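Data first, discussion second: the structure below is written as structure tokens.
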Amino acid sequence: MSALIEDRAQQLAVSLATVRARIEAACRSVGRRPGDVTLVVVTKYFPAADVARLARLGVRDIGENRDQEASAKVAELVDLAERSAATLPFLPTVHFIGQVQTNKAGSVAGYADVVHSVDRLRLVEALSRGALAHGREVDVLVQVSLGQATTPERGTATTAAARGGADPSLISTLARALEEAPGLRLRGLMAVAPVEVDPDASFARLRNLHERLLAEHPTATWLSAGMSADLESAIAHGATHVRVGSAILGARRP
Ligand SMILES: *Cc1c(COP(=O)(O)O)cnc(C)c1O
């Protein structure tokens with residue numbers, strides 16, 4: 001039994017080290033400090049036990065994209081941390097990176113520390129109400145759509161088009177609403193690069209949109225961009241948060 005469990009911990013240690021080395025190399029090649037880029041390990045479809053293994057390897061930030069799975073996993077993590085500090089030495093910061101249905105916003109605001117995917121005004125209101133109801137402050141990013149993406153996400157039937165993201169023309173309106181929403185803190189911008197476009201072109205455009213946002217909201221310094229396949233390009237274009245799943249945890253099963 002323990003050989004199998006040790007294998008998983010070993011595997012995660014190796015793939016995590018590889019991704020951290022990629023981030024460091026990408027930062028070095030553009031003269032940025034590796035400490036300025038936060039690695040969010042996307043643990044969707046993987047169990048709380050993997051989150052605990054990652055935390056023991058020093059991972060402080062995890063990403064989830066479905067409320068039902070995330071809320072159950074976070075409850076399990078809280079329980080693990082209370083039962084055994086050796087198993088889970090700290091509760092990781094929880095980043096919600098998937099589309100939020102308006103009727104799930106109250107739930108998400110109860111456990112997410114950061115919501116990356118705010119793309120409509122109704123969601124601002126719903127998250128704000130949820131954060132107030134839970135007595136929490138939630139960091140939020142405006143998710144912008146960088147175009148028509150149509151390739152189905154690996155392991156799910158969800159199309160990239162269903163990933164959401166506001167039209168770039170709506171960023172200002174959403175940012176202003178977020179600045180005024182009690183319980184929410186505007187932190188920056190997030191995007192998923194469309195698959196059919198060169199990521200460098202998408203992330204260059206994203207950086208431009210981020211600079212415009214920063215001109216109006218100087219504290220919105222976070223730029224969440226880059227996944228397993230394109231984190232180097234995102235870092236070259238100013239990403240402060242990369243969201244990496246499969247390169248660390250392996251392929252996701254539906
Ligand atoms: C699943 C997901 C990721 C991680 O993707 P990988 O290719 O596995 O690294 C990043 N961002 C979002 C929004 C996701 O849904």
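This chain uses plain numbering: 1 for the first residue, then up along the sequence. Read the numbers this way: they start at 1 and go in the same order the structure lists the ligands and their atoms. Source: prediction; values computed, not measured.
At least one N or O atom of G245, backbone or side chain, sits closer than 3.5 Å to an N or O atom of ligand 1.
Ring planes of H95 and H116: perpendicular class, angle over 60° (limits at 30 and 60°).
Residue contacts with ligand 1 include R252, since one or more of its heavy atoms lies under 4.0 Å from the ligand.
With hydrogens and angles disregarded, no donor-acceptor distance shorter than 3.5 Å links the side chain of S228 to the backbone of V244.
Shown in contact with V244 at under 4.0 Å from a heavy atom are these atoms of ligand 1, numbered in order with element: 9 (O). Atoms of ligand 1 found under 4.0 Å from any heavy atom of K44, numbered from 1 in the order shown, are 1 (C), 2 (C), 3 (C), 14 (C), 15 (O). Close contacts of ligand 1 with R243, meaning ligand atoms under 4.0 Å from a residue heavy atom, involve 4 (C), 9 (O), 10 (C), 11 (N), 12 (C), 13 (C).
Judged by the 6.0 Å and 45° rule, R60 forms a cation-pi pair with F90.
Counting heavy atoms from C-beta outward, L189 and S224 have side chains that stay 4.5 Å or more apart.
Under 4.0 Å is where a charged nitrogen must lie from a carboxylate oxygen, and between E69 and K44 no such pair does.
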